[in-house]
Amino acid sequence: MLLRATSPDKPLSYMPSLARLLSWLAVAAVFAWSWHGADIRPLELAKYSGNIVTLAHDFFPPDFNEWRSYVSGMLLTVQIAVWGTGLAIVCAVPLGLLCAGNIAPWWITQPTRRLMDVCRSINELVFAMLFVVAVGLGPFAGVLALWVHTTGILAKLFAEAVEAIDASPVEGIRATGARHIEEIVYGVIPQVMPLWASFSLYRFESNVRSASVIGLVGAGGIGQILWEIIRAFEFQQTCAIMIIIVVGVSLIDAMSQQIRRAFI
Amino acid sequence: MHPAIVIEALEKTFQGNRRVLDIASLTVMPGEMVAIIGASGSGKSTLLRHLSGLARADRGGTNRIVVNGRCVQQRGHIARDVRQIRAGIGFVFQQFNLVGRLPVLTNVLAGALSRLPLWRTLPGWFPECEQERAHQALKRVGIEELSQQRASTLSGGQQQRAAIARALVQGAQVILADEPIASLDPESSRRVMQTLADLNRQDGITVLVSLHQVDVAMQFCRRIVALRHGRVVFDGAPSELTTGVLSEVYGSELPSPELEPAVTEAPLPAYARA
């Protein structure tokens with residue numbers, strides 16, 4: 001619903017062929033310009049293919065001897081995601097409303113939106129490194145990192161949902177003499193609830209994935225175990241951990257699909 | 001007896017200097033049921049929205065709107081206590097304006113929000129007596145059995161009656177109905193108008209209803225106010241509403257045949273003849 005479809009009766013406009021040619025040339029120029037910087041070496045990919053095959057070979061068979069510690073690491077990762085997302089949802093509800101142009105005046109929406117931009121534009125991995133310095137190594141730093149970053153994302157998504165609501169039910173509530181906050185609770189929130197729930201669950205899924213990465217900087221969970229094992233060149237164990245991450249994330253995705261259905 | 005509604009020198013101009021309302025004086029006494037008729041864009045809806053403070057008159061001037069003895073707006077400034085005044089004014093919208101995802105009962109209970117403290121309304125803890133009142137209101141409009149359904153699952157006529165029940169829970173002494181039957185089929189229209197008429201006759205609620213159908217206005221209301229370009233061009237009993245007046249009210253827009261049946265030879269719909 002955030003995307004607007006082209007109206008069917010309006011024919012698609014085709015750019016004149018010269019302009020099209022120029023824009024394709026511009027795209028090609030950007031890729032050519034990035035070639036050197038990104039250190040693209042396709043020939044070496046072919047040259048070292050033997051190495052890559054050997055490396056891939058080292059991953060098999062996966063070594064599940066330490067599976068208990070991997071599974072508990074994965075659970076820890078899920079727990080970090082649960083708290084990081086939960087705290088973010090609690091904060092994103094009021095902040096999202098304050099970002100919505102049809103709820104708050106511009107002198108509130110503008111500063112709140114800029115603050116949320118900051119939270120969103122800095123990657124959770126960066127936040128995790130900062131929080132590790134602040135609160136020490138461990139899952140709590142991961143929770144804080146996910147919390148800040150996810151608040152920025154959810155507040156923006158929540159605000160967009162609020163700005164797309166139908167104003168007439170809100171006016172219906174207003175006409176009864178209800179207070180402003182009651183207009184929001186009775187007129188706005190019921191309308192955006194399915195979208196908000198859907199966004200929150202989606203962020204929870206991606207936070208489980210992110211949480212398995214932020215362990216790399218010492219913020220706990222399966223990522224931390226993964227990092228230690230890769231550095232020890234234990235590729236068979238690495239493979240086992242990767243399988244556990246894939247299975248864990250898939251399970252979470254399937255579960256949240258089910259929960260999402262209940263909200264619509 | 002204080003008038004239920006007093007309008008003085010109401011002027012409203014939209015952007016581009018388009019004058020949409022220009023009413024020198026209009027008074028409605030308690031217990032009256034008044035129809036407002038007029039072509040599309042004649043200012044019917046805008047007038048009703050001004051009465052509950054949902055719209056603001058032009059700044060300056062001497063405009064003043066008093067409902068239930070309390071000033072809703074004056075000189076283009078909405079009263080500070082407008083929310084308390086609105087509690088006494090039920091508003092029924094053309095598109096019902098219910099919250100579709102909430103149960104009918106909750107929509108009706110919204111009428112009680114203004115008199116309950118926030119610690120009750122925010123978590124939705126409505127006291128027993130208000131719930132009882134909401135059920136009574138739903139029974140009164142004949143849809144009590146639908147109270148647990150989502151409002152969006154109701155037909156248009158049922159939604160409109162739920163909206164009237166919300167006004168009843170408000171304890172409104174005045175009901176403003178903005179084209180309440182414009183989106184309804186004839187049978188639902190008749191039931192909604194009958195419900196409004198019953199509330200007017202049995203409970204003494206003042207009803208101000210804007211209507212597109214002149215015949216419906218003539219059947220249900222003893223007083224008709226006609227607007228043209230935001231001005232009152234007729235104010236009187238249905239019997240005084242002649243073809244001449246109607247052609248003045250609707251002007252060049254008259255040709256649309258459903259607008260002129262009442263006083264011409266065109267037969268009235270069944271419900272209007274009853």
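Residue numbers begin at 1 in each chain, while the letters A, B, ... track the order of the sequences.
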Modelled atom types, side-chain donor and acceptor of Gln257(A) and Asp253(A), under 3.5 Å
no
The single option from Leu113(B), Leu109(B), Val108(B) that satisfies side chain to side chain contact (heavy atoms under 4.5 Å, CB included) with Glu130(B) is Leu109(B)
Under 4.5 Å from any heavy atom of chain A, what part of Arg49(B) do you find: side chain, backbone, both or neither?
side chain
What do you reckon, is CD of Glu145(B) surrounded by more than 12 foreign heavy atoms closer than 6.0 Å?
yes
Only pairs of heavy atoms separated by less than 4.5 Å count here; which of Asn107(B), Leu118(B), Val92(B) has the most with chain A?
Leu118(B)
Say whether Arg86(B) and Ser52(B), considering side chains only, have a donor N or O and an acceptor N or O under 3.5 Å apart.
no
Tell me, out of Ala172(B), Ala112(B), Ala87(B), Gly53(B), who's got the most heavy-atom pairs with chain A below 4.5 Å.
Ala87(B)
Whether the Arg114(A) and Gln110(A) side chains hold a donor-acceptor pair (N or O, under 3.5 Å, no angle test) is what I'd like checked.
yes
Selection from Ala178(A), Gly187(A), Pro169(A) maximising heavy-atom pairs under 4.5 Å formed with chain B
Pro169(A)
Residue part contacting chain A, namely of Thr121(B), when any heavy atom lies under 4.5 Å
both
Where on Gln170(B) is there a heavy atom nearer than 4.5 Å to chain A: the side chain, the backbone, both, or neither?
side chain
Pairing donors with acceptors under 3.5 angstrom, does anything connect the side chains of Gln95(B) and Ser168(A)?
no
Residue part contacting chain A, namely of Leu122(B), when any heavy atom lies under 4.5 Å:
both
